[in-house]
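A quick note: this is a predicted structure, and the numbers were derived from the prediction, not measured. In what follows, chains carry the letters A, B, and so on, assigned in the order in which the sequence lines appear, proteins first and then strands, with residues in each chain numbered from 1.
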Amino acid sequence: MKQLLTFIKKEFHHILRDTRSLLVLLALPIVQLLIFGFAITNEIRNSNIAILDNAKDETTQKIITKIENSKYFDIDRTLTTNNQIEEAFKSGKIKLAVVFQTNFQNVLAHTNKAQVQIIADATDPNQATTLANYANAIIMDYQNDLNETNKPPYTISAEIRMLYNPELKGAYSSVPGVMGMILLLISTMMTSISIVKEKELGTMEILLVSPIKPLMIILSKVVPYFVISLVNIATILLLSVFVLGMPIQGSLFLLIVVTVLYLICALSLGILISTVTESQLAAMLLSLLGLMLPVVMLSGYAFPIANMPVVLQALSNIVPAKWYIILVKSVMIKGLGLSAIWNEVLILTAMTIFFLFVSLKRFKIRLQ
Amino acid sequence: MTQKEIVIKTNKLTKKFGDFIAANEITFEVYKGEIFGFLGANGAGKTTAMKMLIGISKPSYGYAQIAGYDVYKETELIKKNIGYMSQKFSLYEDLTIKENIHLFGGIYGLSEEQIKTKREALIDKLDLHSQADKLVASLPLGWKQKLAFSIAIVHKPKIIFLDEPTGGVDPITRRQFWDMIYEAAANGITVFVTTHYMDEAEYCNRVSIMVDGVIQAIDSPDGLKRKYNAQSMEEVFLMLARGAKRGE
C-alpha cells in the first residue's frame, strides 16, 4: 500500500511538473464545451434574405413585415426583377429569396390560392432546408391568421412540443458529446502515452526487473488520470448547468456512476493501447485515429446513427462512447432512472470488463 | 576458484524467436564477489541472455539459477535479490535526486528510516548536496550514470546486472565509474557487466565472449590473452568475433 502511494505520488509529480500538458488536460474540456455549446449551434438566426414582391399589395406587405420581424431573417435587399435573384445569390450575401406572384391579394381573394416561391441556397443542404422551413412556417402562420377571420370549414392545426429540450438548445447535444469525447481523450490517450513513455525511456524495464507487481505499476498510472478526469467531469457539469443553462434532470449520483463506469472503460483501453505500441507517437496516433474518429463519427454525437448505412450502424455498437452518450442524454436530459437505462449500463459494463481483462492479460505477457 | 560460492549458474540456457536462436545453449558460472564481463559484438545475443537472467524474458529451454533461485519458478525472489541498470539511462528525469532515491528505495521495500540513512550517505558520497533537490535532468550525463548505479545498489543486492553502463560517457567518468564497481564488488556484490569497450574488459576478473548466440570463450583476461597468444583483449575479441555471421 505504501509502495502504491509512493508510486501514485511519482505519477502526480510527472504530470504536475509538465505544466504545458497539465494546462491542456484541464483547459481542453472547458474550451471544447464552450465552443460546442456557444459557437457551434444548429439554430440559424439573422440570415440575410432577398424579397421580390411583384404584387406590392397589402397582403404581401403584411407577410414581409412578419418575415422581417422574425428572429430568423434579416431582409438584406428588395429586388425588382426576376433577373436580380440569381445575381443576389451569386453575391453570396443572401441565403434565401422569397418571391411573391403578381396580383397576390386579388388572386388570393378570388381563387383562394396564391403562390409564394421560396428559393434557398442549397450549397449547405441542411441550412437550406431549415431556412426554407422557417420561411414556410411564417407564411403558414399568416395563412392561419387569415383563416381565423374567414373561418373555413375544416382546419387541422398541429401543435408541436419539443420534449426535453423545448428551446432546442445546441448544448443539449453538445454536452453529452463533449463528455464522451474528452473523457476518452484524456483517460485513454494520456494513460497510454504515460505508460509507453516509460518504455521509451527505459524506466519500464527497470520497474519490470524490480520486485514491484505489474498491477501496481498500472494502478499508479491510472489513478492520477482518473482523478484529473473527475475534476474535468465536475468542470463540465458546472459549466453546462451554470453557463450553458442545461439542467441535470435525473439523479446526479446515477450520472456520476455511469461516468465512472465509462472512465474505467476508457482507462483500460489506454492500457490496452500501451501494450501494443512502443513509442509515444504511435500510442497517440492509435488513440486519436483508432478512438477519436469513431467517437466523433459513430457515436451519434455529430451524425445521427439512424441515417447511416447498416454496416456503420452495426459498427457503431462497438463504440463505447455511443452507449455513454445515450446514458448521459437519458439521465441528464430526460431524467430517466436506472430501470430505463440498465440495458446500456449492461453493455458498457461488459465492454469495460472485456477491455480490462484483455489489457491486464496483455500487460502480463509483456513480462515474459 | 571452484571452492567459491556460485551465484549465477546456467546450463544450456536457450532463447529462440521463431527459427532464430538468439542465445544458444549458454552454460557458465559466476562466483560471489567477482566482476564478470559479458562481452560480444552487437547482435551477438548479450542482451537476450541478460534478460533471461534478470527474469524479464522466459528461456525457451535450459536451466539457470540466480542467487540460488530458479529463473522459471522463482522470478519474484530473483527480483528482490538483484539490481539492474540498463544501457538507456534509467532514472526519472523529472524527479529530483532525493525523490529518485526515495522511489527506488521504496520499490525494493526499504523502510522510511533506511531510505533516509541511505539517501544521506549517497548524497555525501557523490557530493551532490547542492543538487539534491534539483531535477535529475539538470545533471551532466556522467553524474547521472554514477547516481543511477548508486541507486541500483541501494538495496544491497546479491548481484548487480549492468547493461553497457558506460555508453557515451567520457574516459575520466568511465574510470570513476569503474572505481564504484570495484567498491561494490569489495562489499560482496557480484557484478555482471556487458560492455564492448575492450579496455573495460581488462578490468574484469573473468570474461566470456559471445559470438552468434554462443559463448566462444570464458576465462580471466590474462588467461584468454595467453590462450590466443594476444597482446590485449581487443586482439582476442577481434580474433573470435571475426567469425561472426550475424551483424546488427
Side-chain angles (χ1 to χ4, degrees), chain A residues 1-25 190 193-221 223-225 275 278-280 361-368, chain B residues 15 47 50-60 66 71-72 74-96 98-112 115 135-137 148 151-152 154-155 157 159-161 163-164 167:
Chain A
M1 196 59 207
K2 199 194 114 221
Q3 249 183 6
L4 182 63
L5 283 180
T6 319
F7 254 76
I8 292 174
K9 211 169 112 189
K10 153 189 169 275
E11 291 305 326
F12 270 113
H13 276 314
H14 289 321
I15 298 169
L16 295 177
R17 282 182 188 161
D18 187 359
T19 35
R20 220 179 301 166
S21 307
L22 187 66
L23 201 69
V24 172
L25 286 181
M190 297 311 288
I193 287 180
S194 86
I195 295 176
V196 173
K197 187 176 175 188
E198 297 230 16
K199 277 198 215 172
E200 247 180 38
L201 293 176
T203 44
M204 186 56 85
E205 215 175 41
I206 303 287
L207 294 182
L208 292 180
V209 175
S210 82
I212 193 156
K213 298 264 185 302
L215 187 66
M216 196 97 102
I217 302 175
I218 291 183
L219 265 180
S220 66
K221 286 281 173 197
V223 169
Y225 292 106
T275 62
E278 292 297 329
S279 76
Q280 294 181 65
K361 204 176 157 80
R362 280 210 56 111
F363 196 82
K364 280 210 178 115
I365 289 171
R366 293 217 55 88
L367 286 175
Q368 299 304 317
Chain B
K15 179 78 183 186
T47 306
M50 188 143 156
K51 280 189 171 162
M52 287 193 281
L53 300 180
I54 59 179
I56 53 173
S57 171
K58 203 171 194 153
S60 302
I66 313 297
V71 283
Y72 292 98
E74 296 169 307
T75 45
E76 292 310 310
L77 286 164
I78 292 177
K79 286 175 178 181
K80 281 195 180 109
N81 285 287
I82 61 170
Y84 173 60
M85 182 183 158
S86 80
Q87 55 193 339
K88 283 189 201 167
F89 175 65
S90 47
L91 295 176
Y92 290 99
E93 300 247 332
D94 53 353
L95 297 183
T96 66
K98 276 187 179 172
E99 284 164 352
N100 265 297
I101 299 172
H102 200 104
L103 180 72
F104 284 101
I107 289 176
Y108 284 95
L110 300 188
S111 72
E112 210 63 26
I115 292 176
L135 298 188
V136 165
I151 288 177
V154 78
H155 58 296
I159 311 159
I160 173 82
F161 288 87
D163 190 7
E164 286 171 25

How long is the gap from [atom1] on [X] to [atom2] on [Y], to the nearest 0.5 Å?
X: B:F104; Y: A:S210; atom1: CZ; atom2: OG; answer: 8.0 Å
X: B:D94; Y: A:K197; atom1: CG; atom2: NZ; answer: 5.5 Å
X: B:I107; Y: A:M216; atom1: CD1; atom2: CE; answer: 9.5 Å
X: B:L103; Y: A:Q3; atom1: CG; atom2: CD; answer: 9.5 Å
X: B:K51; Y: A:L208; atom1: NZ; atom2: CG; answer: 10.0 Å

NZ/NE/NH1/NH2 to OD/OE distance under 4.0 Å, B:E99 and A:K9: no
What part of [X] is in contact with chain A, defined as an atom under 4.5 angstrom from a non-hydrogen atom: side chain, backbone, both or neither?
X: B:L53; answer: neither
X: B:L77; answer: neither
X: B:I78; answer: neither

Max heavy-atom pair count under 4.5 Å with chain B, selected residue of A:L207, A:I206, A:L201, A:I212: A:I206
Leading residue by heavy atom contact count with chain B [cutoff under 4.5 Å; candidates A:D18, A:T203, A:T6]: A:T203
Donor-acceptor under 3.5 Å (A:E205 side chain, B:S86 main chain): no
Nearest non-hydrogen partners of B:L95 and A:H13, listed with the distance: CD2-CB, 3.4 Å
Between A:H14 and B:Y92, ring centroids under 6.0 Å: yes
